[in-house]
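Below is one structure, written out as structure tokens, with a few remarks after it.
So you know, we letter chains A, B, ... as the sequences are listed, proteins then strands, and number each from 1. Fair warning: this is a prediction, and the values are worked out from it, not measured in the lab.
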There are 2 protein chains.
Amino acid sequence: MVSEAKIATILIADDHQLFNDGLRTLLTFEGSPFKVIEQVYSGSDVIPAIHLVNPDLVLLDINLPNRNGLDIARQVASDFPSVQVVIISMYSYRKFVDELKKIGVAGYLLKSASKQELIACLQNVMKGIAYFDATLNGKSATLHQGDDFVKKFKLSSRELEIIVLMKQGLATPEIAIQLFLSEETVKTHRKNIYYKLKIKNLAELIRFVSEQGI
Amino acid sequence: MVSEAKIATILIADDHQLFNDGLRTLLTFEGSPFKVIEQVYSGSDVIPAIHLVNPDLVLLDINLPNRNGLDIARQVASDFPSVQVVIISMYSYRKFVDELKKIGVAGYLLKSASKQELIACLQNVMKGIAYFDATLNGKSATLHQGDDFVKKFKLSSRELEIIVLMKQGLATPEIAIQLFLSEETVKTHRKNIYYKLKIKNLAELIRFVSEQGI
DNA sequence: TTCAAAATACCCCAAAAGGGGTATGGTGCA
DNA sequence: TGCACCATACCCCTTTTGGGGTATTTTGAA
């Protein structure tokens, strides 16, 4: 928590240098309550940078080279509980939202957000108010309420496991071998997945998965 | 071509608002030879915006909603030959580089580039010098030298078209209908694509395409 | 403890995908 | 004027996928 007067120090972790620098420039203006004190471009540089500069807040991308943002968020929460983490990502990783909230992540912004949203998010977070992008709240808040969305899309962990392998380019026989299952079982799971997602072939599954950011 | 004194006007087309705005801020500094005169966030807004503001240069993302950047580049080249196009993308779309050069695109930057590279690229382009990211040149310079890479990956435009439809979740019969082709023709193209990419099924194609960022 | 799922696994069958050919007309380059 | 490549389209064949069932065991929550 930071008083009104104090300027919040920020570490930006994003491998797209132009985006990273652009963010810094966006946050650097006359009277800005923020100061970007460090920028890193690799997942493995985040923790060392926090050690060095001890920022109030980390703006963290999910897709980072060398180390995954989710993983980093976990370590920050356990090793640096006073450092606020705000995820900034291209996608609505809906399936991560609950996990991120559990970890204690303070905010989630999309790269398609506006400068105003960015500022609002950071100001809320520095006041101790969590700020999650509306497109995330809309769909994921309903996940633990028993509505249509649940009935349509709620997949079992086995089904999710198989979806991931299918997306990785494994054919049914290969998945069966990998999971020590009969091909028939994998086929059954695949049928159930298609039924639940209301799709009819692999290509549509890939599309679905991309859209949901699984 | 623009004289040293004139300030180059720029249109930025990128759906990630924070990136788009960040770019504008990066290009806006004391004595900057550039001026961002318009920003759009959707592929379908690019051509109308060019009509309106007639920029010297368009900074164009490849992955735009509603309309593909490659497609837009083609139209800009034919309808507005005086407008320079610089691609700015997350990925090294190596397979597109020859195509982009043929179209007459003046530059290709990665989002992981630095501000210095961005400035250098734009200055070169405004002097009439093409600027393609080094990681593209490294691999694509060999593209017209008849080596293995060419034989493995160089896809025809028809093949690319079919890849895109396959990735969108269309089955062979649907693609055939959409392109007014025989199913057999689509099958032939698909076979040739798989041969060129050394893959053996749709799932692997999807993976390949994701990795290459098409 | 009972009941609903999830996970397992099989049946049958049609459709599509995948892999091997061949062939023909067109286009662009040397 | 070739030659290479592209786009088109067909043949044959096997494997995989997709869609409809049914059935057993395990597991977790009421």
Find the distance [X]:[atom1] to [N]:[atom2] and express it as a whole number of Å.
{"X": "B:Leu205", "N": "C:dG19", "atom1": "CG", "atom2": "P", "answer": "12 Å"}
{"X": "B:Arg158", "N": "D:dC5", "atom1": "CZ", "atom2": "C1'", "answer": "16 Å"}
{"X": "B:Phe180", "N": "D:dA7", "atom1": "CZ", "atom2": "P", "answer": "18 Å"}
{"X": "A:Tyr195", "N": "C:dA5", "atom1": "OH", "atom2": "C1'", "answer": "14 Å"}
{"X": "B:His189", "N": "C:dA16", "atom1": "NE2", "atom2": "P", "answer": "19 Å"}
{"X": "B:Asn192", "N": "D:dT8", "atom1": "CG", "atom2": "C1'", "answer": "11 Å"}
{"X": "B:Leu165", "N": "C:dA16", "atom1": "CG", "atom2": "C1'", "answer": "17 Å"}

* Structure fact -> With B for base contact, S for sugar-phosphate-only contact and - for none (protein heavy atoms under 4.0 Å), nucleotides 10-25 of chain D reads BB-----BBBBB----

With a 4.5 Å heavy-atom cut-off, do [X] and [Y] have their side chains touching?
{"X": "B:Leu118", "Y": "B:Leu23", "result": "yes"}
{"X": "B:Leu109", "Y": "B:Tyr131", "result": "yes"}
{"X": "A:Pro55", "Y": "A:Ile50", "result": "yes"}
{"X": "A:Phe19", "Y": "A:Ile88", "result": "yes"}

* CG of A:Leu165 to CG of A:Leu170: how many Å apart, nearest 0.5 Å? -> 5.0 Å

* To do: Tell me, yes or no, whether the heavy-atom count around A:Lys200 atom NZ, taken from other residues, nucleotides or ligands under 6.0 Å, exceeds 12.
  => yes

